**Student:** 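Before I ask anything, here is the structure I am working with.
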Amino acid sequence: MGRIVYKSPRDLDRMREAGYIVSTALAALRDAVAPGVSTHELDRLALDLVRKHGGTPSFLGYKGYPASICASLNEEVVHGIPSKSRVLREGDVVSLDIGVRLKGFHADSALSVPVGRVPAELTRLLDVTRESLYEGIRAIRHRGRLQDISGAIQAHVERHGFSIVREMVGHGVGRNLHEEPQIPNYVSPEQQNPLLMEGMTLAIEPMVNAGGAEIEILPDGWTVVTTDRKVSAHFEHTVAITRNGYEVLTLGPHDSGDWIKAPLRPSLAGVVGVR
């Protein structure tokens, strides 16, 4: 494991501001999802909104990535490239992932959205994936262990009969979009298991499949799909570890209100969970 970078109060202030832009953009994207809308249109919406707020898209140009968001449809797990030819249809599921850089710091978040009416089983997949993210966050304790997060996510997903993608993991985030530590969504003996310490900032992101856990990368070099081509879902938040628990830096109006006692609203203050 490489070096974990701990954030100062000033650093966290900047990440809160980036997180606010992220949550604002995701709320706008969620509201724009409808049959007939292309993923290119969603990408342009996000780019314009991020720039309007003074940020820059974290993904645009990252290792050659050509867009501002990832828009992954149905069997696409992550890293789907927006395109004018990818038009949303009734019954689809689209996973929207966005990062924003502001004042030298990144925040990163994602959610999966049904397009119109979807079958009940797909709704259940989305609910369980979102809930697993919340379970992982609620497992955070100062001086707890990273595998507390991983184990809580895994337990919730597998209890409901879905599969966890194992090759793709969450990560630290801050001055760099991807930092240490890696955050798997399952537990195994060979994984790193550092203490959760004040000042750590984590992008926690379960990726959950309706079918098997196996994935592959398409010839575009980016798009990750399920091998069995069954639907996948993806939810993510950027979270800071505090002395008393955690603070969710990317919480927005798309989040369910039943997992935390603090008011749910996008604000520069974030949302704090006291433990």
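In this text the structure is predicted, and so the values were computed from the model without any measurement.
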**Student:** For the atom pair CD1 (Ile4) and CD (Glu180), what is the distance rounded to the nearest 0.5 Å?
**Tutor:**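 CD of Glu180 is found 7.0 Å from CD1 of Ile4.
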**Student:** Test your reading of the model: is there a side-chain donor-acceptor pair from Ser132 to the backbone of Val157, 3.5 Å cut-off?
**Tutor:**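 Checking the backbone N and O of Val157 against the side chain of Ser132, no donor-acceptor pair under 3.5 Å is found.
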**Student:** Does a side chain donor of either Glu198 or His142 reach within less than 3.5 Å of an acceptor in the other side chain?
**Tutor:** no
**Student:** Roughly how far, to the nearest 0.5 Å, is CD of Glu76 from CG of Asn74?
**Tutor:**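 Here the interatomic distance stands at 7.5 Å.
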**Student:** Might you point out which heavy atoms bring Thr238 and Asp108 nearest each other, and give the distance in Å?
**Tutor:**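 Closest approach of Thr238 to Asp108: OG1-O, 2.7 Å.
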**Student:** Hey, is Glu41 close enough to Arg44 for a salt bridge, meaning N to O under 4.0 Å?
**Tutor:**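 Between Arg44 and Glu41 there is no salt bridge, as every charged N stays at least 4.0 Å from the carboxylate O atoms.
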**Student:** One thing to verify: whether Glu131 and Arg159 come together as a salt bridge, which I'm taking to mean a side-chain N less than 4.0 angstrom from a carboxylate O.
**Tutor:**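 Result for this pair is no, no salt bridge flagged.
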**Student:** Ignoring hydrogens, what is the shortest heavy-atom contact between Pro114 and Val33? Give both atom names and the distance.
**Tutor:** O-CG1, 3.9 Å
**Student:** For a quick test of reading the model, state the closest non-hydrogen atom pair linking Arg16 to Leu249 and the distance between them.
**Tutor:**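 Heavy atoms of Arg16 and Leu249 come nearest at CG-CD2, 3.7 Å.
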**Student:** How about His156 and Glu135: does a side-chain donor come under 3.5 Å of a side-chain acceptor?
**Tutor:**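 There is no such pair (donor and acceptor under 3.5 Å, judged by atom type) between the side chains of His156 and Glu135.
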**Student:** For the atom pair CD1 (Ile164) and OH (Tyr186), what is the distance rounded to the nearest 0.5 Å?
**Tutor:** 9.5 Å
**Student:** Please give me the minimum heavy-atom distance between Asp43 and Ile69, naming the atom from each residue.
**Tutor:**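 Distance-wise, the nearest heavy atoms are OD1-N, 3.0 Å.
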**Student:** Can you tell whether the side chains of Glu216 and Arg229 come within less than 4.0 Å, N to carboxylate O?
**Tutor:**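 Arg229 and Glu216: salt-bridged.
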**Student:** Hey, is CZ on Arg89 packed in by over 12 heavy atoms from elsewhere, all under 6.0 Å?
**Tutor:**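 Open: at most 12 neighbouring heavy atoms sit under 6.0 Å from CZ of Arg89.
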**Student:** How long is the straight-line distance from CZ of Arg30 back to CG of Leu42, given to the nearest 0.5 Å?
**Tutor:**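 Result: 13.0 Å between the selected atoms.
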**Student:** Return the CZ to NZ distance between Arg14 and Lys7, rounded to the nearest 0.5 Å.
**Tutor:** 13.0 Å
**Student:** Out of the candidates Ser232, Ser72, Ser112, only one should pair with Ser95 under the side-chain hydrogen bond (donor to acceptor under 3.5 Å, both in side chains) rule; please name it.
**Tutor:**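 Between Ser95 and the candidates, side-chain hydrogen bond (donor to acceptor under 3.5 Å, both in side chains) is satisfied uniquely by Ser112.
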**Student:** When Ile, Leu, Val, Met, Phe, Trp and Tyr are grouped by side-chain heavy atoms lying under 4.5 Å apart, directly or through other members, which residues fall in the same group as Val87?
**Tutor:** none
**Student:** Would you mind writing out the side-chain donor-acceptor pairs for residues 97-105 within the sub-3.5 Å range, not counting sequence neighbours?
**Tutor:**
| residue | atom | partner | partner atom | Å |
| --- | --- | --- | --- | --- |
| Lys103 | NZ | Glu17 | OE1 | 3.1 |
| Lys103 | NZ | Glu17 | OE2 | 3.3 |

**Student:** Considering non-hydrogen atoms only, spot the tightest contact between Met197 and Ile241 and give its length.
**Tutor:** O-CB, 3.3 Å
**Student:** With Val165, which of Val224, Ile215, Thr226 fulfils side chain to side chain contact (heavy atoms under 4.5 Å, CB included)?
**Tutor:** Ile215
**Student:** Going from OG1 on Thr39 to CG on Leu96, what distance comes out if it is rounded to the nearest 0.5 angstrom?
**Tutor:**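 Separation between the atoms: 9.5 Å.
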**Student:** Are His106 and Tyr62, when compared by the centres of their aromatic rings, separated by less than 6.0 Å?
**Tutor:**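 Not close enough - the centres of the two rings lie 6.0 Å or further apart.
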